[in-house]
Amino acid sequence: MHEATIGNRRRWGSWQDWLSVALGIYFALAPLWIEGAPVGIFVTLGVLVIVAAVWAGSTASSTLAEFVKMVLGAAVILSGLFGAHVEERTAILNSWVIGAALIVLALTAEHRNRAGRSATNPHEHQHT
């Protein structure tokens with residue numbers, strides 16, 4: 001079995017994963033400057049996004065991690081509907097934009113993984 005398919009660790013280099021970490025940090029800290037943002041939901045989802053992005057960035061084959069990031073992106077979008085901040089336009093717009101960005105980043109990272117064009121996978125050209 002090819003080493004990259006079993007989840008070996010790799011050096012960080014995917015810009016999608018770095019940007020996902022930054023979006024997770026932003027979302028977790030957003031209640032500090034967005035009035036009416038639900039602190040519990042934003043902090044919890046932000047931390048989960050950070051963990052998933054670190055996981056995706058540190059494994060050679062991150063298909064499952066990218067899927068988890070997509071699910072978390074959808075949860076961030078839905079937090080606008082279920083998070084009791086529908087009246088707060090800034091909070092809901094932030095959740096929609098961050099969630100959509102997370103989904104797009106996960107899709108592009110997964111596409112690169114499947115297409116075999118990942119420049120960050122050190123095991124890509126090894127024959128075992």
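Just so you know, residue 1 is the first one in the sequence shown, and it goes up from there.
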Item to check | Distance (rounded to the nearest 0.5 Å) between Glu110 CD and Gln16 CD | outcome: 11.0 Å
Which atom names give the shortest non-hydrogen contact between [X] and [Y], and what distance separates them?
X: Val21; Y: Ala53; result: CG2-CB, 3.5 Å
X: Ser20; Y: Lys69; result: OG-NZ, 3.3 Å
X: Ser95; Y: Ser79; result: CB-OG, 3.6 Å
X: Ile103; Y: Met70; result: CG1-O, 3.7 Å
X: Leu102; Y: Gly73; result: CB-CA, 4.0 Å
X: Ala101; Y: Leu23; result: CB-CD1, 3.8 Å

Please list, one pair per line, the donor and acceptor atoms closer than 3.5 Å that link side chains of residues 24-50 to other protein atoms, with sequence neighbours excluded.
{"unit_1": "Tyr26", "atom_1": "OH", "unit_2": "Asn94", "atom_2": "OD1", "d": "2.7"}
{"unit_1": "Thr44", "atom_1": "OG1", "unit_2": "Gly40", "atom_2": "O", "d": "2.7"}

Item to check | Which residues share a side chain to side chain contact (heavy atoms under 4.5 Å, CB included) with Val104, sequence neighbours left out | outcome: Thr108
Checklist entry - Any chain of hydrophobic side-chain contacts (each under 4.5 Å) joining Ile77 to Val71? => result no
